Amino acid sequence: MTQQVTAPILVPPLHRPLTGWRRALDGVSPQLLTIVAALLFARILAWPMGDEIGRTQMLQNALSGYFQLLVMSAPMLIAIVVTRNLGPQRGVQRIVALATVIVTAAFVGIVLRVMIANLLFNSGPTLEDMASMLRSVWPRYVLLGTLLTIALEFHQREIASIAATQQARVDQEALERQVAESRLQVLQAQVEPHFLFNTLANVRRLYSTDPPAGATMLDNLRRYFDVALPGMRQSETTLGREAELARAYLEIHRVRMGRRLTFSIDVPQPLLAHRVPPMMLLTLVENAIKHGLNPAPDGGAIRVTAQAQAANLQIKVADSGVGFTPGAGTGCGLANIRARLAAQFGARASLTLGNNDLGGVTATIALPLS
């Protein structure tokens, strides 16, 4: 018997590492640029324009001032972002690097603002007024750059925290899937000996009463296991395959039971390819023979059906045996089916037992159809 080994689930990180200029400008998003542009525009609106100028001149001054602010702020924003991404990432070195780039970028921005204002608009302070402007404007924009940097730091930490939470959730879901698969394999390993021992006990009993029939049954059993065992430890198979295994199993038992066993299997063609857990249908058929027909002197009939109902696939095994007996529905096989359904499907799947019009018991497995 071969055992399928489940490889560990490797969960890729949610975000691939950035390289080159993408890494340098990481964090410069349209949302950030929109917020900065809105804040600068609000700053322009707060400037006193004077009552003696007209609306046209006021608008021109506002647009001119806004353009100059953008020219001064853009290199500061880019320099801060690049330093945050490529510079030291923690400790005093990071603080020193950011402080240096803020002071330097504020100076470069003021120089660019003065040069462009004189070149394009022929307005604003002259080069002779640079020293005075630096004394009055430079500290304000150093403070502005500091506040912007602090806001970016908090934003980066929030993004990193969200990404870590998402990755932890993905890792937890992967771990839960691994645990569920491991539990499913353990439960299947419990089903296999239960099925094999009962079948071999039937072969041994038949050999003692009818050796030729026992030889035929053993040969059929060997061929059956050649097909069944390779798929026993798989987490899924098809309903068509499970129906074929159930048919082969019932044919084996018909050798032993003769006229005491009749059966029918009715699975619509569209449902044959539906994925289902292995060995569950066979366990229900085995229970129907063991607990339903074997105790009945005249044996009986087993009817296997499958149908799609709403969003569920219902697989039914009905027998005309002795019906419910004390302790019915609490055996190892049924308990394992319920545990495997819970591990693989949760509350979306179920196993129920009930009396039927044949006088016996109907076991119904309901699975998600999609």
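In this text the structure is predicted, and so the values were computed from the model without any measurement.
- No side-chain heavy atom of D319 sits under 4.5 Å from any side-chain heavy atom of L358.
- In plain terms, the two heavy atoms of G323 and V361 that are nearest each other are C-CG2, 3.6 Å.
- F107 and L143 end up in different hydrophobic clusters when Ile, Leu, Val, Met, Phe, Trp and Tyr side chains are linked at under 4.5 Å.
- If you take CG on L250 and OG on S264, they are separated by 9.5 Å, rounding to the nearest 0.5 Å.
- Within the 4.5 Å cutoff, side-chain heavy atoms of L334 are placed close to those of L284.
- Heavy-atom minimum distance, V142 versus V103: CG2-CA, 4.2 Å.
- Side-chain contact between I302 and I289 is present, with heavy atoms from C-beta onward closer than 4.5 Å.
- Between T362 and V317, every side-chain heavy-atom pair lies at or beyond the 4.5 Å cut-off.
- Here the closest heavy-atom approach between residue G300 and residue S320 is recorded as CA-OG, 3.3 Å.
- No side-chain heavy atom of V276 sits less than 4.5 Å from a side-chain heavy atom of T238.
- The shortest side-chain heavy-atom distance between T305 and V267 does not fall under the 4.5 Å cut-off.
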For this session: Could you give me the CA-CA distance, side-chain angles and deciding distance for R303 and K316, then say whether side-chain contact (heavy atoms from CB on, under 4.5 Å) is met?
Result: CA-CA 8 Å; R303 186 171 60 194; K316 297 183 178 182; over 6 Å; no
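- Contact annotation: the side chain of V304 never approaches that of F263 to less than 4.5 Å [non-hydrogen atoms, C-beta and beyond].
- Under a hydrophobic-cluster definition in which Ile, Leu, Val, Met, Phe, Trp and Tyr are linked whenever side-chain heavy atoms come within less than 4.5 Å, directly or via other members, I78 and L86 are assigned to the same cluster.
- A distance of 11.5 Å separates OG1 in T149 from CD1 in I95, rounded to the nearest 0.5 Å.
- Nearest approach of L369 to A308, heavy atoms of both residues: CD2-CB, 3.9 Å.
- Connection of V96 to I80 is not established within any shared hydrophobic cluster, with ILVMFWY side chains joined at heavy-atom distances below 4.5 Å, either directly or through further cluster members.
- The nearest pair of heavy atoms linking A97 to P88 is CB-CD, 4.0 Å.
- Side-chain contact check for P277 versus Q344: some heavy-atom pair is nearer than 4.5 Å.
- Looking at N356, its side chain never comes within 3.5 Å of a backbone N or O of A318 through a donor-acceptor pair.
- Not one N or O on the side chain of H253 forms a donor-acceptor pair closer than 3.5 Å with the backbone of L261.
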For this session: In sequence, state the C-alpha distance, the side-chain angles, and the governing distance for L272 and L239, and then conclude on side-chain contact (heavy atoms from CB on, under 4.5 Å).
Result: CA-CA 5 Å; L272 291 177; L239 180 57; 5.6 Å; no
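- Although no hydrogens or angles enter the test, the distance criterion places no donor-acceptor pair under 3.5 Å between the side chain of R247 and the main chain of E242.
- Listed here is the closest heavy atom pair of I265 and A243: CD1-O, 3.8 Å.
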Problem set entry | Audit row: L245, V285, side-chain contact (heavy atoms from CB on, under 4.5 Å) steps and yes/no | CA-CA 10 Å; L245 293 178; V285 171; over 6 Å; no
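- One distance of note links CD of Q307 with CD of Q314; it measures 5.5 Å at 0.5 Å rounding.
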For this session: Walk me through it: do I365 and T352 pass the test side-chain contact (heavy atoms from CB on, under 4.5 Å)?
Result: CA-CA 7 Å; I365 294 178; T352 58; over 6 Å; no
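- At a threshold of 4.0 Å, the pair R254-E251 counts as salt-bridged, since one of the basic side-chain nitrogens sits closer than that to a carboxylate oxygen.
- Scanning for side-chain contact (heavy atoms from CB on, under 4.5 Å) contacts around R260 gives M257, with sequence neighbours left out.
- Between the side chain of R94 and the backbone N or O of G91 there is no donor-acceptor pair closer than 3.5 Å.
- The distance from the CD atom of Q166 to the CG atom of D171 is 12.0 Å, given to the nearest 0.5 Å.
- Interatomic distance, CG of L351 versus CE of M280, reported as 9.0 Å (0.5 Å rounding).
- To the nearest 0.5 Å, the span separating CG on L293 from CG on N287 amounts to 11.5 Å.
- When the side-chain hydrogen bond (donor to acceptor under 3.5 Å, both in side chains) test is applied to D266, no partner is found at least two apart in sequence or on another chain.
- Residue I150 is not grouped with residue V101 when hydrophobic side chains (ILVMFWY) are merged at heavy-atom distances under 4.5 angstrom, including chains of intermediate members.
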